[in-house]
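The block underneath contains the structure these notes are about, expressed in structure tokens.
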Amino acid sequence: MKVSLCTITFRHHLISISEIASFARANDFQGIELWAAHGRNMAQMPERNADWLASLGLSVPMVSDYLPVDADRLTRERQTKEVCGMARRWRAGKIRTFAGNRGSAMIAADERRSIAARLRAMCDMAADFGVDLLVETHPNTLADTAASTLDLIDAVDHPAFAINFDTLHVWEGGDDPVAVHRMMKPHIRHYHLKNIRARSDLVVFEPANVYAAAGRRDGMTPLFQGAVDYMRFLAEIADQPETEVSLEWFGPDCMDVLRTDRREIAEFVERRTPQRLSINF
């Protein structure tokens with residue numbers, strides 16, 4: 001399992017990409033998931049690229065953005081190509097977006113078809129750049145429940161279309177992440193891992209709060225201390241060397257939390273190693 005950190009963690013910090021990379025390398029992360037806002041701000045830093053990151057033993061598995069699915073065609077094409085170009089610079093094989101900005105229960109059948117068609121066209125552009133377009137499982141989108149996400153996969157029906165499986169948000173949608181993962185696994189290309197103290201605290205992950213510098217952070221917990229059972233979930237994916245996950249931390253004390261979560265994931269994987277050996281022999 002390859003573990004990355006997300007640069008969005010440092011959205012309110014005065015810290016450079018070099019410092020983030022040094023921290024990632026020192027704490028056994030294999031990659032850095034690049035927030036497209038940060039990628040845009042490095043447009044005038046051509047020396048910071050995939051080769052530079054590779055020299056540190058790191059890579060960018062995914063560039064995460066918010067492509068305007070509801071915008072006019074020219075705007076969609078321009079922004080999709082921009083993010084795909086960013087992915088090419090960093091040799092990322094995936095870009096992440098969302099399936100609209102309204103929940104599946106609020107969207108009529110004809111609008112669902114329209115969103116799927118727009119995503120399919122965006123997948124055509126992504127494929128031209130050699131990248132996959134991932135939609136994240138997330139509330140207030142067409143991927144807010146397992147049933148709606150599976151319907152969307154069928155509707156888009158494109159080889160470059162895949163899912164960024166946000167485990168907490170799948171749980172938030174009322175589904176069992178392990179059961180959904182087993183159904184959706186062929187379509188999953190990446191995982192976001194984060195946790196929450198209790199269902200009543202989920203409001204802290206609403207975008208208006210997350211992106212506010214003075215937003216509420218209480219309720220956000222380290223990975224193994226929250227309401228979602230990550231011991232059970234990671235048992236589903238920890239034995240797969242090519243699986244790519246990102247620790248998505250939005251709270252305070254980010255370096256301490258990321259360092260601890262990364263160490264505890266490594267310890268979890270290590271504890272499972274004797275089980276794998278006993279099965280193989």
Side-chain angles (χ1 to χ4, degrees), residues 1-65 83 86-87 89-96 136 164 166-168 190-196 204-205 210-215 217-226 230 234 237-238 241-270:
M1 186 167 64
K2 300 177 181 179
V3 184
S4 296
L5 58 77
C6 300
T7 69
I8 195 173
T9 292
F10 306 98
R11 64 206 178 283
H12 302 307
H13 295 68
L14 189 61
I15 185 171
S16 69
I17 186 64
S18 296
E19 291 171 293
I20 293 172
S22 294
F23 172 80
R25 182 184 185 186
N27 288 279
D28 194 33
F29 287 93
Q30 286 77 47
I32 294 175
E33 180 182 319
L34 184 65
W35 192 28
H38 288 153
R40 293 183 183 98
N41 288 331
M42 287 189 285
Q44 304 306 315
M45 302 168 62
E47 74 283 1
R48 293 293 180 253
N49 55 24
D51 289 335
W52 165 73
L53 209 54
S55 73
L56 300 174
L58 298 167
S59 63
V60 173
M62 184 162 73
V63 175
S64 290
D65 200 30
V83 178
M86 197 182 303
R89 169 181 171 177
W90 293 96
R91 290 203 293 270
K94 298 168 282 193
I95 60 174
R96 189 285 321 258
E136 183 167 321
N164 179 49
D166 189 302
T167 311
L168 178 133
H190 203 88
Y191 299 82
H192 273 176
L193 310 180
K194 58 179 176 285
N195 216 335
I196 195 74
V204 300
F205 288 123
V210 161
Y211 299 122
R217 306 292 182 245
D218 55 304
M220 298 178 181
T221 71
L223 199 63
F224 294 102
Q225 297 179 24
Y230 271 99
L234 287 178
I237 63 174
E242 298 307 310
T243 295
E244 294 186 323
V245 309
S246 296
L247 299 183
E248 194 179 36
W249 176 249
F250 292 111
D253 305 318
C254 55
M255 288 187 169
D256 288 341
V257 172
L258 288 172
R259 183 184 295 112
T260 300
D261 279 353
R262 179 67 188 101
R263 184 184 68 247
E264 291 184 352
I265 287 175
E267 291 171 351
F268 175 84
V269 173
E270 182 64 25

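Pro252 is not listed as a side-chain neighbour of Met220, based on a closest heavy-atom distance of 4.5 Å or more. In this structure, Tyr191 and Leu234 have side chains that are not in contact, with every pair of non-hydrogen atoms separated by 4.5 Å or more. Contact check for Met42 versus Arg89: side-chain heavy atoms found under the 4.5 Å cut-off. At least one side-chain heavy atom of Arg91 sits less than 4.5 Å from a side-chain heavy atom of Asp51. Here the side chains of Ser246 and His190 are in contact, with some heavy-atom distance below 4.5 Å. Arg259 has its side chain out of reach of Phe29: every pair of non-hydrogen atoms, C-beta onward, lies at least 4.5 Å apart.
Nearest heavy atom pair, residue Arg40 against residue Val83, reads NH2-CG2, 3.8 Å. Between Ile32 and Ala21, the shortest heavy-atom contact is CD1-CA, 3.7 Å. When every heavy atom of Val63 is checked against every heavy atom of Ala87, the shortest pair comes out as CG2-CA, 3.9 Å. Closest of all the heavy-atom pairs between Leu5 and Ala24 is CD2-CB, 3.8 Å. Val210 and Arg217 get closest at one heavy-atom pair: O-NH2, 3.4 Å. Residues Ile196 and Thr221 come closest through the heavy atom pair N-OG1, 3.7 Å.
Below 30°, between 30° and 60°, or above 60°: for Phe23 and Phe10 the angle between ring planes is above 60°, a perpendicular geometry.
Side-chain contact check for Ser4 and Glu244: no donor-acceptor pair (N or O, by modelled atom type) lies under 3.5 Å.
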Point to revise | Criterion side chain to side chain contact (heavy atoms under 4.5 Å, CB included) on Asn164 and Glu33, from CA distance to verdict | key: CA-CA 12 Å; Asn164 179 49; Glu33 180 182 319; 5.7 Å; no
Practice item. May I have the step-by-step check of salt bridge (charged side-chain N to carboxylate O under 4.0 Å, His left out) for Asp28 and Arg263, ending in yes or no? Key: CA-CA 8 Å; Asp28 194 33; Arg263 184 184 68 247; over 6 Å; no
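Here the CD1 atom belonging to Ile17 is positioned 5.0 Å from the CH2 atom belonging to Trp52, to the nearest 0.5 angstrom. If you take CD1 on Ile265 and OH on Tyr230, they are separated by 9.0 Å, rounding to the nearest 0.5 Å. Distance NE2/His12 to CZ/Phe250: 9.5 Å, rounded to 0.5 Å. Separation of atoms CG (Leu247) and SG (Cys254) is listed at 12.0 Å; rounding is to 0.5 Å. In this structure, CZ in Arg96 is found 6.5 Å from CE in Met62, a value given to the nearest 0.5 Å. The CD1 atom of Ile20 sits 10.5 Å away from the CG atom of Leu258 when rounded to the nearest 0.5 Å.
Formation of a donor-acceptor pair under 3.5 Å by the Asp261 side chain with backbone atoms of Leu223 is found in this model. With hydrogens and angles ignored, the 3.5 Å screen pairs a side-chain donor or acceptor of Glu19 with a backbone N or O of Ser16. Between the side chain of Thr7 and the main chain of Leu34, no donor-acceptor pair closer than 3.5 Å is present.
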